[in-house]
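Step one of this worksheet: look at the structure below.
Positions are given from 1 along the sequence. Quick caveat, the model's predicted, so the values are computed rather than measured.
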Amino acid sequence: MDMSNQLVSSGSFRILKEPLAFLRVLEWLFAIFAFATCGGYSGGLRVSIDCANKTLSDLSIDIDIAYPFRLYQVNFDAPTCESKLRESISLGGDFSSPAEFFVTIAVFSFLYSLAATVVYIFYQNKYRENNRGPLIDFIVTVVFSFMWLVSSSAWAKGLSDVKIATDPDEVLLLISACKQRTNKCMSVRSPVMSTLNTSVVFGFLNFILWAGNIWFVFKETGWHASGQRYPPETMEKQSSGLNQSLNQGGYNQDSYGPTPGYNQQQGGFVQQPTFSPPGGPQNFNQARYNQTGPTSFANQI
């Protein structure tokens, strides 16, 4: 109790209110739903064979199916309607690969989400130290997002094949007695696949959660911090300030040109214009333009 009170008082559980940790908790829960609805499935179907000879009929033939859906290992006995001998029939197909792949991704996702949540709560400082924790978390999140998409798509296709292989009408085609017109074969009960349909939905929901969490994990990495080190507004302010300083510097620089006498004030000293000998109207106009005032002109006289 003392340790829990210290954690609550220190605010360690406040991290769960942030999107990163909150989505991790959702990933943990949805992973449980995904592998529980798929890995814990068991169902069955029932068919009936009404032979011309009623004594040989079997109106209740139960066929059980379960995870991991190795249907070629599912065997059942059916009457031949010719004698008291019964034939052993097995379903066709092996759909264990997509089912087991889906459950494996769900289990590892569950374990990683649980471990990441514990790290966020109890080892947050070490997680952000040297930026190693966020980088590893980011890479793992991207990988799990891709694996959820692949596994969910593969399992959706595998489930479609399972539904076809366990369809009672397809199963009746495997029974030799049903190939005779004198016998009546019917499907009594089809397998309930709603739980498996839910597992596919949870698979794609997990993909959405993991893909959406990529952004929040990326914000914890140094890549996002380096990208925001110089935001666009700061760059614009720096460029505008640089242009302003250049303009001021250009205005205060000495002007070099053909004009011989340009007034320049340095330290309170006024440089008087220099008159060139009369050489035409141009020199006279320049001399008049370079005068600072009538007082300085009278002093020179």
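- Between G92 and F95, the shortest heavy-atom distance links the atoms O-CE1, 4.1 Å.
- Counting heavy atoms from C-beta on, the side chains of L91 and L174 come closer than 4.5 Å.
- You'll find the ring centres of Y41 and Y67 outside the 6.0 Å limit.
- Between the CG atom of D62 and the CZ atom of R46 there is a distance of 4.0 Å, given to the nearest 0.5 Å.
- Smallest separation of non-hydrogen atoms from R189 and P168: O-CG, 3.9 Å.
- Heavy-atom minimum distance, T166 versus V162: OG1-O, 2.6 Å.
- To the nearest 0.5 Å, the span separating CZ on F102 from OG1 on T104 amounts to 10.5 Å.
- For the residue pair S90 and N75, the shortest heavy atom distance occurs at CB-OD1, 2.8 Å.
- Neither F33 nor V192 shares a network with the other; the hydrophobic side chains, linked directly or stepwise wherever heavy atoms of I, L, V, M, F, W or Y lie under 4.5 Å apart, form separate groups for each.
- For the atom pair Q180 CD and I175 CD1, the distance stands at 12.0 Å (nearest 0.5 Å).
- In the displayed structure, Y72 atom OH is contacted under 6.0 Å by more than 12 heavy atoms of other residues, nucleotides or ligands.
- Contacts of D77 classified as side-chain hydrogen bond (donor to acceptor under 3.5 Å, both in side chains), with partners at least two apart in sequence or in another chain: none.
- The hydrophobic clustering, which links ILVMFWY residues whose side-chain heavy atoms are closer than 4.5 Å, places F110 and W210 together.
- Within the 3.5 Å criterion, the main-chain N or O of W148 finds a donor-acceptor partner in the side chain of S151.
- Closest non-hydrogen pair, N206 versus E27, comes out as OD1-O, 3.7 Å.
- For the pair N213 (side chain) and L23 (backbone), a donor-acceptor distance under 3.5 Å is absent.
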Under the side-chain contact (heavy atoms from CB on, under 4.5 Å) rule, what do W28 and T117 come out as? Steps first, then yes or no, please. CA-CA 9 Å; W28 177 70; T117 304; 5.5 Å; no
side-chain contact (heavy atoms from CB on, under 4.5 Å) assessment of F204 paired with S153: CA-CA 8 Å; F204 284 106; S153 301; 4.0 Å; yes
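- From S42, atom OG reaches atom CD1 of I65 across 9.0 Å, with rounding to the nearest 0.5 Å.
- Taking a 6.0 Å sphere around CZ of F108, one finds it holds 12 or fewer heavy atoms contributed by other residues, nucleotides or ligands.
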Do K163 and L159 pass the side-chain contact (heavy atoms from CB on, under 4.5 Å) test, and can you show the C-alpha distance, the side-chain angles, and the key distance before you say yes or no? CA-CA 6 Å; K163 290 180 179 179; L159 178 58; 3.9 Å; yes
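- Here the side chains of S145 and L149 are not in contact, with every heavy-atom distance at 4.5 Å or above.
- Sequence neighbours left out, the pairs with a member in residues 63-180 that pass disulfide bond (SG atoms under 2.5 Å apart) are C51-C81, C178-C185.
- Between the side chain of D137 and the backbone N or O of G133 there is no donor-acceptor pair closer than 3.5 Å.
- By the criterion of side-chain heavy atoms lying less than 4.5 angstrom apart, applied directly or through intervening Ile, Leu, Val, Met, Phe, Trp or Tyr residues, M193 is not grouped with V188; the two fall into different hydrophobic clusters.
- Side chain of S109 to main chain of A106: no donor-acceptor pair is present (N/O by atom type, distance under 3.5 Å, no hydrogens or angles).
- A donor-acceptor contact closer than 3.5 angstrom links the side chains of T141 and R24.
- Atoms NZ and CG, on K84 and N53 in that order, are 9.5 Å from each other to the nearest 0.5 Å.
- Taking the charged nitrogens against the carboxylate oxygens, K157 and D161 do have a contact shorter than 4.0 Å, which makes a salt bridge.
- Smallest separation of non-hydrogen atoms from T195 and T37: CG2-O, 3.2 Å.
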For a side-chain contact (heavy atoms from CB on, under 4.5 Å) check, start with the C-alpha distance between S187 and D169, then their side-chain angles and the critical distance, and finish with the verdict. CA-CA 7 Å; S187 61; D169 294 333; 4.1 Å; yes
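- Cluster membership for I63 and L59, using ILVMFWY side-chain heavy atoms within less than 4.5 angstrom, is not shared.
- To the nearest 0.5 Å, atoms CD1 (I214) and CZ (F146) are separated by 12.0 Å.
- Note on M186: it does not cluster hydrophobically with V171, by side-chain heavy-atom contacts below 4.5 Å among ILVMFWY residues.
- The side-chain heavy atoms of S199 and F35, taken from C-beta on, include no pair separated by under 4.5 Å.
- The ring of F69 has its center closer than 6.0 angstrom to the ring center of W155.
- A donor-acceptor contact shorter than 3.5 Å links the side chain of T80 to the backbone of L85.
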